[in-house]
*Asks:* 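I have a structure here, written as structure tokens, and I will follow up with some questions on it.
Sequence lines set the chain letters: A, B, ... in the order given, protein chains first and strands last, and positions in each chain run from 1. What's counted below: heavy atoms across the whole structure, side chains too, no hydrogens, waters or symmetry copies.
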Amino acid sequence: MDIVTAHDRPNTTAEAIEIQETLRGLVDREDRCPQQILTVTGLDVAYDEGSGLIAAAAVTLDTTDFRVVEKRTVVSEVSFPYEPGLFAFRELPPLLDALRALDHSPDLLVCDGHGLAHPRRFGLACHVGVVTGLPTLGVGKTRFIGKHGEPGRERGAKEPLVDDGEVVGMVLRTQDDVKPVYVSVGHKISLDNACRQVLRLSPAFRQPETTRQADRLCRAALKEAS
DNA sequence: GCGACAG
DNA sequence: ATCTTGTCGC
């Protein structure tokens, strides 16, 4: 798929934050998803301490039967340190390489990290969305910012994630009696639709099938490379 | 000033 | 993210 936009790789924390402050203005909070979301691409990354290698995976699934339509993995060298709030700069390069290798553009991208639920309202999911121009949503496994109540114990139960008086995401239970996930808008999608899609993509486990597939693939790719 | 802090 | 023992349940 085509990815036109690009920005220089930041060399300092200040530069990275500057880029985020600029790009966050490009986030589209309107829902521009097609009526029928038929294909969804899951993204994930795996690391290797010793070799300094990073593997990224992009897996596109058919949402009607969860079958793999396309999949790509890329292995490269880590180019940015992990820092809470800036980890998109670490994972974005390999993720974009994997996305570029796909033959077809999906209807939606699911990222393993937060979107608007970020201190500057520009988490990985937003960054990926702005750069690709595609609808994106973020699914975090742990809280980053915001406060929330405890959602009911049944699948589908949810509680708003609020930060500084703003609803930045939703704490959503994807399976009965399982720890909830943190869903937030990335780009071109409403929070309500994002939750609906995450639930639809999580028929049996805590995390969406897209994320599970991507996770499995990048781990395998990393293992081969190292 | 003191914690908290996506993956 | 990754490491890592035992334990619970199908």
*Asks:* Look at all strands and tell whether A:Gly138 reaches a base, only sugar-phosphate, or nothing, counting heavy atoms closer than 4.0 Å.
*Replies:*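 Nothing: the residue A:Gly138, judged by heavy atoms under 4.0 Å, touches no strand.
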*Asks:* Scan A:Tyr82 against the nucleic acid and name what it touches under 4.0 Å (heavy atoms): base, sugar-phosphate only, or nothing.
*Replies:*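 Base contact - A:Tyr82 has a heavy atom under 4.0 Å of at least one base atom.
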*Asks:* For DNA chain B, find the residues of residues 143-173 of chain A with a heavy-atom distance under 4.0 Å and give them by number; none if there aren't any.
*Replies:*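 Heavy-atom cutoff 4.0 Å gives A:Arg143, A:Phe144.
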*Asks:* List DNA chain C stems (3 or more consecutive Watson-Crick/G-U pairs, under 3.5 Å)?
*Replies:*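 For DNA chain C no paired stretch is long enough to count as a stem (3 pairs minimum).
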*Asks:* Under the side-chain contact (heavy atoms from CB on, under 4.5 Å) rule, collect the residues that match up with A:Asp107, sequence neighbours excluded.
*Replies:*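 A:Asp107 satisfies side-chain contact (heavy atoms from CB on, under 4.5 Å) with A:Pro34, A:Ile37, A:Leu38, A:Thr39 once adjacent residues are dropped.
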*Asks:* Write out all pairs satisfying salt bridge (charged side-chain N to carboxylate O under 4.0 Å, His left out) with one or both partners inside residues 113-126 of chain A, taking only residues at least two apart or from two chains.
*Replies:*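 Applying salt bridge (charged side-chain N to carboxylate O under 4.0 Å, His left out) to every pair that reaches into residues 113-126 of chain A, excluding sequence neighbours, yields A:Arg121-A:Asp163, A:Arg121-A:Glu166.
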*Asks:* Taking side-chain contact (heavy atoms from CB on, under 4.5 Å) as the criterion, tell me which of A:Thr136, A:Val130, A:Val185 meets it with A:Val27.
*Replies:*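 Only one option passes, and that is A:Val130.
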*Asks:* Is there any side-chain hydrogen bond (donor to acceptor under 3.5 Å, both in side chains) pair reaching into residues 74-83 of chain A, and which pairs are they, with sequence neighbours excluded?
*Replies:*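 Passing the test, one end in residues 74-83 of chain A: A:Thr13-A:Glu83.
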*Asks:* Give, for atom CG of A:Leu172 and atom CG of A:Leu191, the distance between the pair rounded to the nearest 0.5 Å.
*Replies:*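 The CG atom of A:Leu172 sits 9.5 Å away from the CG atom of A:Leu191.
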*Asks:* Drop me the distance from A:Ser202's OG to A:Gln197's CD, to the nearest 0.5 angstrom.
*Replies:*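 Taking OG in A:Ser202 and CD in A:Gln197, the distance rounds to 10.5 Å.
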*Asks:* Please find the earliest and latest nucleotides of DNA chain C, in the 5' to 3' direction, that have an atom within less than 4.0 Å of any heavy atom of chain A.
*Replies:*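 Contacts span C:dA1 to C:dT2, reading 5' to 3'.
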*Asks:* Consider only side-chain heavy atoms of I, L, V, M, F, W and Y, link residues closer than 4.5 Å, and tell whether A:Leu116 and A:Ile189 are in one cluster.
*Replies:*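 In one cluster with A:Leu116: A:Ile189, yes.
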*Asks:* Could you give the distance from CZ (A:Arg90) to CG (A:Leu124), rounded to the nearest 0.5 Å?
*Replies:*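 Reported to 0.5 Å precision, the distance equals 12.5 Å.
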*Asks:* For the residue pair A:Phe80 and A:Phe89, does the interplanar ring angle fall in the parallel (under 30°), tilted (30 to 60°) or perpendicular (over 60°) class?
*Replies:*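 Rings of A:Phe80 and A:Phe89: tilted, as their planes differ by 30° to 60°.
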*Asks:* Remember a base hit wins even if backbone is also touched, and classify A:Ala117 as base, sugar-phosphate or nothing at under 4.0 Å, heavy atoms.
*Replies:*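 Here A:Ala117 touches no strand at all.
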*Asks:* Enter the distance from A:Leu61:CG to A:Thr211:OG1 here, rounded to the nearest 0.5 Å.
*Replies:*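 So the gap between those two atoms works out to 9.5 Å.
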*Asks:* Is the A:His127 ring parallel, tilted or perpendicular to the A:Phe122 ring (thresholds 30°, 60°)?
*Replies:*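 It falls in the tilted class, 30° to 60°.
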*Asks:* Linking I/L/V/M/F/W/Y whenever any side-chain heavy atoms sit under 4.5 Å apart, do A:Val198 and A:Leu108 land together?
*Replies:*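 In one cluster with A:Val198: A:Leu108, yes.
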*Asks:* Going by the salt bridge (charged side-chain N to carboxylate O under 4.0 Å, His left out) test, which pairs reach into residues 42-60 of chain A, not counting sequence neighbours?
*Replies:*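 Listed once each, the pairs would be none.
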*Asks:* Can you list, by residue number, the residues of residues 204-226 of chain A that have a non-hydrogen atom closer than 4.0 angstrom to DNA chain B?
*Replies:*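 Going residue by residue through residues 204-226 of chain A, none turns out to have a heavy atom under 4.0 Å of DNA chain B.
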*Asks:* Let me check I have this right: for DNA chain B, each base becomes ., (, ), [, ] or |, based on Watson-Crick or G-U pairs with both distances under 3.5 Å. What is the full string?
*Replies:* .......
*Asks:* Could you walk me through whether A:Glu150 and A:Arg173 pass side chain to side chain contact (heavy atoms under 4.5 Å, CB included), step by step?
*Replies:* CA-CA 10 Å; A:Glu150 176 71 15; A:Arg173 188 96 61 189; 3.1 Å; yes
*Asks:* Only pairs at least two apart or in different chains count here, so list each salt bridge (charged side-chain N to carboxylate O under 4.0 Å, His left out) that has a residue in residues 216-226 of chain A.
*Replies:*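 Salt bridge (charged side-chain N to carboxylate O under 4.0 Å, His left out) check on residues 216-226 of chain A returns A:Asp215-A:Arg219.
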*Asks:* Under a 4.5 Å side-chain heavy-atom rule over Ile, Leu, Val, Met, Phe, Trp and Tyr, are A:Leu109 and A:Val69 clustered together?
*Replies:*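 In one cluster with A:Leu109: A:Val69, no.
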*Asks:* Along DNA chain B, 5' to 3', what are the outermost nucleotides having an atom less than 4.0 Å from a heavy atom of chain A?
*Replies:*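 Contact span on the strand: B:dC5 to B:dG7.
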*Asks:* For A:Leu95, report the nucleic acid contact type (base, sugar-phosphate, nothing); a contact means any heavy atom under 4.0 Å.
*Replies:*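 Counting heavy atoms under 4.0 Å across all strands, no contact is made by A:Leu95.
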*Asks:* Report which part of the nucleic acid A:Asp48 touches: base, sugar-phosphate, or nothing (heavy-atom distance under 4.0 Å, all strands).
*Replies:*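 The residue A:Asp48 makes no contact with any strand.
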*Asks:* Per the salt bridge (charged side-chain N to carboxylate O under 4.0 Å, His left out) rule, what does the pair list look like for residues 194-209 of chain A, sequence neighbours excluded?
*Replies:*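 Those involving residues 194-209 of chain A are A:Asp192-A:Arg196, A:Glu209-A:Arg212.
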*Asks:* Would you compute the distance between atom CG of A:Leu137 and atom CG of A:Leu201 and round it to the nearest 0.5 angstrom?
*Replies:*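 Answer for the CG-CG pair, A:Leu137 versus A:Leu201, is 8.0 Å.
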